[in-house]
There are 4 protein chains.
Amino acid sequence: MERRTRTAAQDTAGRTARRHHGNRHGRSEEARRAILEAADDLLVEKGFAGVTVEGIAARAGVAKQTVYRWWPTKTDVLLDAFLEDMAEDLVPPDHGDVARDLRTYLPWLAYMLSSTDTGAVFRALVAQTHHDPAFAAVFRERCLDEQRRRDRLPLERAVRRGQLPADLDTAAETDLLVGPLYYRVLVTGEPVGREFTDRLVDAFLRRTGLA
Amino acid sequence: MERRTRTAAQDTAGRTARRHHGNRHGRSEEARRAILEAADDLLVEKGFAGVTVEGIAARAGVAKQTVYRWWPTKTDVLLDAFLEDMAEDLVPPDHGDVARDLRTYLPWLAYMLSSTDTGAVFRALVAQTHHDPAFAAVFRERCLDEQRRRDRLPLERAVRRGQLPADLDTAAETDLLVGPLYYRVLVTGEPVGREFTDRLVDAFLRRTGLA
Amino acid sequence: MERRTRTAAQDTAGRTARRHHGNRHGRSEEARRAILEAADDLLVEKGFAGVTVEGIAARAGVAKQTVYRWWPTKTDVLLDAFLEDMAEDLVPPDHGDVARDLRTYLPWLAYMLSSTDTGAVFRALVAQTHHDPAFAAVFRERCLDEQRRRDRLPLERAVRRGQLPADLDTAAETDLLVGPLYYRVLVTGEPVGREFTDRLVDAFLRRTGLA
Amino acid sequence: MERRTRTAAQDTAGRTARRHHGNRHGRSEEARRAILEAADDLLVEKGFAGVTVEGIAARAGVAKQTVYRWWPTKTDVLLDAFLEDMAEDLVPPDHGDVARDLRTYLPWLAYMLSSTDTGAVFRALVAQTHHDPAFAAVFRERCLDEQRRRDRLPLERAVRRGQLPADLDTAAETDLLVGPLYYRVLVTGEPVGREFTDRLVDAFLRRTGLA
DNA sequence: GCGTAATCGAGACGGTACGTCTTGTCTTTCC
DNA sequence: GGAAAGACAAGACGTACCGTCTCGATTACGC
């Protein structure tokens with residue numbers, strides 16, 4: 001979880017490493033970070049069921065009330081924890097060629113989703129959307145829509161470049177490209193190898209006349 | 001939940017409506033059915049979080065221990081409830097033509113998964129696999145594998161018929177066909193309309209040379 | 001049970017009748033009293049078997065956990081409930097004459113033990129010592145020893161007054177005096193009348209040369 | 001528990017060591033003995049709370065129903081178990097002299113009640129009378145009255161012999177003699193030594209003019 | 001010697017209470 | 001006014017026994 005300690009508030013002079021016990025000028029950044037780290041540490045260690053507000057507070061060395069003050073549920077904590085990592089980690093590359101972009105990005109996406117801590121949090125959050133419709137809306141707005149926008153980038157850039165026809169339904173085509181990948185990762189649990197992502201890309205290239 | 005009351009023990013003469021209290025040679029079918037019905041009634045009414053063993057037992061008019069005697073967790077109850085409905089409901093048709101089969105089955109599958117009580121239970125179970133690895137294995141073995149086998153049927157029958165090449169990787173091709181559909185239903189929550197399933201079928205037919 | 005409501009926190013100004021929901025520095029006096037009252041109300045109404053932690057909590061309008069937080073078992077609740085009443089109720093009188101003290105105290109003791117709510121709790125607790133050795137130790141230390149000390153008071157005061165020889169084994173003699181009384185109340189259940197307590201006192205006076 | 005195996009039905013010929021499975025006319029002596037033994041074995045091993053009908057049946061290798069068929073509660077099982085031992089074990093001796101009888105019997109009674117398995121069962125049963133008034137009546141009728149009758153024997157025999165006045169209230173005097181002993185064993189738990197029983201006897205002899 | 005009737009084992013059943021756990025709220029005290 | 005501490009009401013968890021019941025096997029007696 002060091003990825004977040006990098007962004008820790010260096011406190012304008014390093015002097016404030018000492019314990020914070022509340023003040024009248026805003027919330028404790030220290031507490032915020034500790035909570036987010038505790039949350040996904042717990043997720044990785046003990047699974048979703050092992051994440052409890054009680055446990056997060058205990059591990060973060062924080063009062064339960066401090067968690068409840070800023071997040072309505074443990075799932076929202078996990079969402080915040082995830083959002084800090086996602087944006088930087090799941091960006092498709094831009095080589096100026098849609099085929100190359102896809103052949104690079106799809107395996108990377110599969111790896112991220114299935115084999116990293118970030119992916120574990122993502123899978124847990126997607127799962128939670130099925131158990132809690134209210135969270136589903138929040139999750140889609142704050143996380144999933146952005147991810148889908150990123151997933152569409154290779155195609156949209158290719159359209160702008162003229163590599164693909166201007167009237168291509170990039171949203172639908174993207175779903176055809178990444179859908180089977182998400183399906184394997186999130187539903188069947190089957191491993192997604194190079195040959196599978198290549199098959200996805202090949203099918204796409206063939207039906208758009210690029211191969 | 002009437003779909004199960006249909007299969008209620010007809011009692012060889014109607015005389016055996018009398019209460020069963022357990023005996024040496026097997027469990028109470030009455031209790032079993034009441035529990036399964038109570039479980040998915042609760043799921044539909046109050047969502048996954050609203051399903052509790054306590055609630056199931058209370059609604060089924062059954063002792064908690066009777067639930068625990070036969071199912072380790074509430075999720076396993078839901079799985080059994082689901083399995084009773086799934087097999088009969090999610091069978092692809094066989095018109096002797098792969099294109100027609102797919103154009104019939106895919107919209108039906110999308111409808112079942114997204115808009116029926118059976119689908120609600122399925123989505124909850126898939127979600128639960130991400131929160132409980134032990135259940136994931138059970139779910140895949142007892143439910144998902146069978147569903148995937150059914151999903152592959154149209155393609156496999158076409159291969160047998162000679163409509164498709166014998167060396168077609170039906171498993172992978174099926175994932176390309178149904179993956180985007182499951183993705184929309186289970187991840188993005190976006191509606192799956194006719195135009196989307198048609199796009200899936202068209203892409204498949206074109207890449208296999210059938211159109 | 002009003003004997004305890006009398007001692008209710010007078011709230012330094014009457015303003016604190018408002019509901020207490022716990023805080024950092026100490027437990028809820030309101031909850032404590034409600035639990036003790038509920039416990040011996042239940043004992044009197046339904047007998048020892050009818051006293052359950054569940055029932056105590058329900059009647060006291062308190063969460064089960066609040067009972068378990070402060071008392072390990074229901075028996076310890078009853079013990080605390082009893083201790084609040086015992087001290088004031090079971091004190092032998094001091095008329096400056098051992099004969100008169102005993103003729104007053106023994107019937108009173110017999111009445112208290114056999115015919116009052118306080119006595120019912122006492123009998124239940126003594127009984128419980130035989131079913132639970134750990135409780136037996138606690139009971140003796142926190143309750144019985146004190147009671148025996150009180151029972152010895154008339155004799156000890158007489159010794160101090162010079163009415164009885166200084167080398168009298170007051171502990172053993174007290175057991176001879178009250179033992180038959182407790183025996184009838186706690187073992188045989190036979191009523192203890194005036195003629196029986198008088199016989200006890202007469203026997204004592206004769207063997208100590210006071211009559 | 002061998003004391004009971006001695007009285008085991010010798011099977012009219014020794015041939016019936018084979019398993020009994022019930023018959024029309026009468027119960028299984030084998031089951032009856034196994035249940036009684038299991039009950040007081042459990043009491044001695046795990047205390048009263050550790051005695052459950054379930055546990056008795058399991059240890060006796062018997063169906064729960066077989067216990068319930070013949071005894072309404074576990075306490076009644078223990079009572080029966082106790083009655084088989086009591087009569088023979090707690091009989092006061094008859095030396096033709098009340099002083100000698102008492103000096104022999106009282107220490108023996110104290111020992112039996114406080115230090116043997118039989119005594120443990122007795123104490124548990126007395127305790128149970130305070131938790132269950134219905135059982136109290138049964139216990140008094142079937143056990144306690146008989147024990148008190150035995151306790152009175154030395155005095156009654158002395159009256160018959162002319163050693164004690166004919167108008168002596170043997171019942172009350174017996175309570176004065178044994179009451180303190182039961183009190184120590186059943187209430188205070190204090191050990192009852194020779195000096196204490198001697199004090200009891202001395203007091204009795206003095207007040208009846210025998211010493 | 002055959003049916004009948006009571007007993008036996010086994011164990012599932014509807015329940016109650018257990019003691020533990022987590023949730024989300026509230027209160028107090030310190031900074 | 002934020003934070004730590006932690007008591008509180010609520011209620012589900014999974015377990016242990018309760019006492020009832022049904023079942024099929026076993027066995028002694030009486031026709």
Side-chain angles (χ1 to χ4, degrees), chain A residues 19-28 30-31 49 51-55 57 61-70 72-74, chain B residues 18-28 30-32 49 51-58 60-70 72-74, chain C residues 18-28 30-31 49 51-55 57-58 60-70 72-74, chain D residues 18-28 30-31 49 51-58 60-70 72-74:
Chain A
R19 188 72 154 175
H20 178 254
H21 278 276
N23 63 53
R24 55 184 55 142
H25 305 289
R27 68 192 280 193
S28 163
E30 194 181 354
V51 182
T52 64
V53 175
E54 205 112 310
V62 139
K64 238 179 7 163
Q65 186 57 40
T66 302
V67 180
Y68 281 115
R69 191 164 7 244
W70 303 107
T73 71
K74 67 172 182 174
Chain B
R18 74 181 183 279
R19 189 75 155 174
H20 179 252
H21 282 277
N23 65 50
R24 180 177 191 174
H25 304 283
R27 61 196 283 192
S28 163
E30 195 180 354
R32 192 189 129 269
V51 182
T52 65
V53 174
E54 204 116 305
I56 291 169
V62 140
K64 243 188 339 174
Q65 186 58 44
T66 300
V67 180
Y68 283 114
R69 195 172 356 254
W70 302 108
T73 69
K74 67 172 183 174
Chain C
R18 73 180 182 278
R19 188 72 155 176
H20 179 253
H21 281 277
N23 64 53
R24 180 177 189 176
H25 302 280
R27 61 195 285 192
S28 163
E30 194 180 355
V51 182
T52 64
V53 175
E54 204 116 307
V62 139
K64 245 189 336 175
Q65 186 57 47
T66 300
V67 180
Y68 282 113
R69 191 168 4 248
W70 303 107
T73 70
K74 67 172 183 174
Chain D
R18 74 181 182 279
R19 186 73 150 184
H20 178 255
H21 282 276
N23 67 56
R24 180 179 187 177
H25 302 283
R27 61 195 284 193
S28 163
E30 193 180 357
V51 182
T52 65
V53 175
E54 204 114 312
I56 291 170
V62 139
K64 244 185 347 171
Q65 186 58 43
T66 301
V67 180
Y68 282 115
R69 196 174 352 254
W70 303 107
T73 69
K74 67 170 183 174

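Every chain is numbered from 1, with letters handed out A, B, ... down the list of sequences.
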message: What is the distance, to the nearest angstrom, from the OH atom on Tyr68(D) to the P atom on dA10(E)?
response: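 It works out to 17 Å between those atoms.
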message: Using whole Å, what does the distance between atom P of nucleotide dC23(F) and atom CZ of Arg27(B) come to?
response: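 Going from CZ in Arg27(B) over to P in dC23(F) covers 17 Å.
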message: Within the 4.5 Å heavy-atom criterion, are Thr52(B) and Lys74(B) side-chain neighbours or not?
response: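 Not touching, per the 4.5 Å side-chain cut-off.
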message: Can you tell me if Trp70(B) touches the phosphate of dC13(E), counting only side-chain N or O atoms and a distance under 4.0 Å to OP1 or OP2?
response: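 So the side-chain polar atoms of Trp70(B) do come within 4.0 Å of the phosphate oxygens OP1 or OP2 of dC13(E), strictly under.
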- prompt: So, is Arg69(A) close to the dG2(F) phosphate, meaning a side-chain N or O under 4.0 Å from OP1 or OP2?
  reply: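 Checking dG2(F) against Arg69(A), no side-chain N or O comes under 4.0 Å of OP1 or OP2.
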- prompt: Given that Ala60(C) and Thr73(B) both sit by DNA chain F, which one's nearest nucleotide is further toward the 5' end?
  reply: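 Its nucleotide being nearer the 5' end, the pick is Ala60(C).
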message: Let me spell it out: for each of Thr66(B) and Lys74(A), pick the nucleotide of DNA chain E with the closest heavy atom. Which residue's pick is nearer the 5' end?
response: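 Taking each residue's closest nucleotide, the earlier one in sequence belongs to Thr66(B).
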Regarding [N], can its base be found pairing with the side chain of [X] as donor and acceptor, where the two atoms are less than 3.5 Å apart?
X: Lys64(D); N: dG19(F); answer: yes
X: Glu54(A); N: dC21(E); answer: no
X: Gln65(D); N: dC8(E); answer: no

message: Restricting to non-hydrogen atoms, name the atom on Ser28(C) and the atom on Ala31(C) that form the minimum distance, rounded to 0.1 Å.
response: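 Minimum heavy-atom contact is OG-N, 3.0 Å.
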message: Could you report the tightest heavy-atom contact between Ala57(C) and Ala63(C), atom names first, then the distance?
response: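 Minimum heavy-atom separation between Ala57(C) and Ala63(C): CB-C, 4.1 Å.
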field: Six-ring centre of Trp70(C), Arg27(C) cation under 6.0 angstrom, axis tolerance 45°
entry: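 Relative to the ring axis of Trp70(C), which defines the angle, Arg27(C) lies inside both limits.
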Tell me which nucleotide among [options] gets nearest to the side chain of [X].
X: Ser28(D); options: dC13(E), dC8(E), dT23(E); result: dC8(E)
X: Ala63(C); options: dA4(F), dA10(F), dC21(F); result: dA10(F)
X: Ala31(D); options: dG14(F), dC8(E), dT20(E); result: dC8(E)

